[in-house]
Visitor: 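There's a structure below that I have some questions on.
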Amino acid sequence: QVQLAESGGRLVQAGGSLRLSCAASGRISSTYGMGWFRQAPGDEREFVAAISRSGDNTLYIDSVKGRFTISRDGAKNTVYLQMNSLKPEDTSVYYCAASESATVVAGRGEYDYWGQGTQVTVSS
């Protein structure tokens with residue numbers, strides 16, 4: 001069983017940066033692929049980024065490529081999402097998730113454990 005807790009969300013101006021953190025209660029290094037999703041009011045939860053168990057492979061939705069970076073620290077059992085050049089359309093609740101899949105995956109159904117989310121608001 002893995003428990004995930006996101007942090008780092010807040011109000012930021014457009015063009016600014018934030019780093020989200022996802023701390024895991026159980027060991028996730030080399031065991032789980034990790035992903036970030038987001039959900040705005042009235043919208044479906046959408047995939048943002050994912051990283052493989054080893055950290056060697058990453059995957060991003062097109063709209064965040066070049067602006068967001070996912071990373072993981074095995075020693076700290078933590079996954080990060082560095083978000084730069086933020087836009088108002090990035091405003092959402094951001095969720096961290098863990099997948100038992102051996103490959104980097106983007107589908108919500110591929111993820112087995114979810115955090116409670118952290119709110120990111122980007123003002124124009």
Visitor: Could you tell me the separation between the CZ atom of Phe68 and the CG atom of Leu81, rounded to the nearest 0.5 Å?
Guide: 6.0 Å
Visitor: To the nearest 0.5 angstrom, please state how far the SG atom of Cys22 sits from the CH2 atom of Trp114.
Guide: 11.0 Å
Visitor: Do Thr78 and Arg72 make a side-chain contact, defined as non-hydrogen atoms from C-beta onward lying under 4.5 Å apart?
Guide: no
Visitor: According to the salt bridge (charged side-chain N to carboxylate O under 4.0 Å, His left out) rule, which pairs have a member within residues 4-23, sequence neighbours left out?
Guide: none
Visitor: Please check if the number of heavy atoms outside Gln3 that lie under 6.0 Å from its CD is greater than 12.
Guide: no
Visitor: Tyr95: what forms a ring-ring contact (aromatic ring centres under 6.0 Å, His included) with it, not counting sequence neighbours?
Guide: none
Visitor: Say you draw a straight line from OG of Ser99 to OH of Tyr32; how long is it, rounded to the nearest 0.5 Å?
Guide: 9.5 Å
Visitor: Per the salt bridge (charged side-chain N to carboxylate O under 4.0 Å, His left out) rule, what does the pair list look like for residues 82-95, sequence neighbours excluded?
Guide: Arg38-Asp90, Arg67-Asp90
Visitor: Supply the atom-to-atom distance Leu59 CG to Asn57 CG, rounded to the nearest 0.5 angstrom.
Guide: 9.5 Å
Visitor: Is the backbone N or O of Val122 less than 3.5 Å from a side-chain atom of Thr91, with the two atoms forming a donor-acceptor pair by type?
Guide: yes
Visitor: Using a 4.5 Å cut-off on heavy atoms from C-beta on, say whether the side chain of Tyr111 contacts that of Phe37.
Guide: yes
Visitor: Evaluate the side-chain proximity of Tyr80 to Ile70: yes if any heavy-atom separation is below 4.5 Å, no if none is.
Guide: no
Visitor: Does any pair with a residue in residues 105-122 pass salt bridge (charged side-chain N to carboxylate O under 4.0 Å, His left out), and if so which ones, sequence neighbours excluded?
Guide: Glu44-Arg108
Visitor: How far does CZ of Phe47 sit from CD1 of Ile61, to the nearest 0.5 angstrom?
Guide: 7.5 Å
Visitor: Testing the basics here: between Leu4 and Ala98, what is the closest heavy-atom pair and its distance to 0.1 Å?
Guide: CD1-N, 3.8 Å
Visitor: Do the side chains of Tyr113 and Gln1 get nearer than 4.5 Å, heavy atoms only?
Guide: yes
Visitor: Filter on salt bridge (charged side-chain N to carboxylate O under 4.0 Å, His left out), then keep only pairs touching residues 57-66, sequence neighbours left out; what's left?
Guide: Asp62-Lys65
Visitor: Could you list the residues that satisfy side-chain contact (heavy atoms from CB on, under 4.5 Å) with Ser54, not counting sequence neighbours?
Guide: Ser52, Asp56
Visitor: To the nearest 0.5 Å, what is the distance between OG1 (Thr69) and CE (Met83)?
Guide: 11.0 Å
Visitor: Could you check if a side-chain atom of Leu86 sits within less than 4.5 angstrom of a side-chain atom of Leu18, using non-hydrogen atoms only?
Guide: yes
Visitor: Can you tell if the side chain of Leu20 reaches within under 4.5 Å of the side chain of Val120, non-hydrogen atoms only?
Guide: yes
Visitor: Using every non-hydrogen atom in the two residues, find where Ala75 and Asp73 come nearest and quote the distance to one decimal.
Guide: N-OD1, 3.1 Å
Visitor: Counting only heavy atoms not in Gln116 (residues, nucleotides, ligands), do more than 12 fall under 6.0 Å from its CD?
Guide: no
Visitor: Is any side-chain heavy atom of Gln82 closer than 4.5 Å to a side-chain heavy atom of Ser71?
Guide: no
Visitor: Indicate whether any N or O donor in one side chain lies under 3.5 Å from an N or O acceptor in the other, for Asn84 and Ser17.
Guide: yes
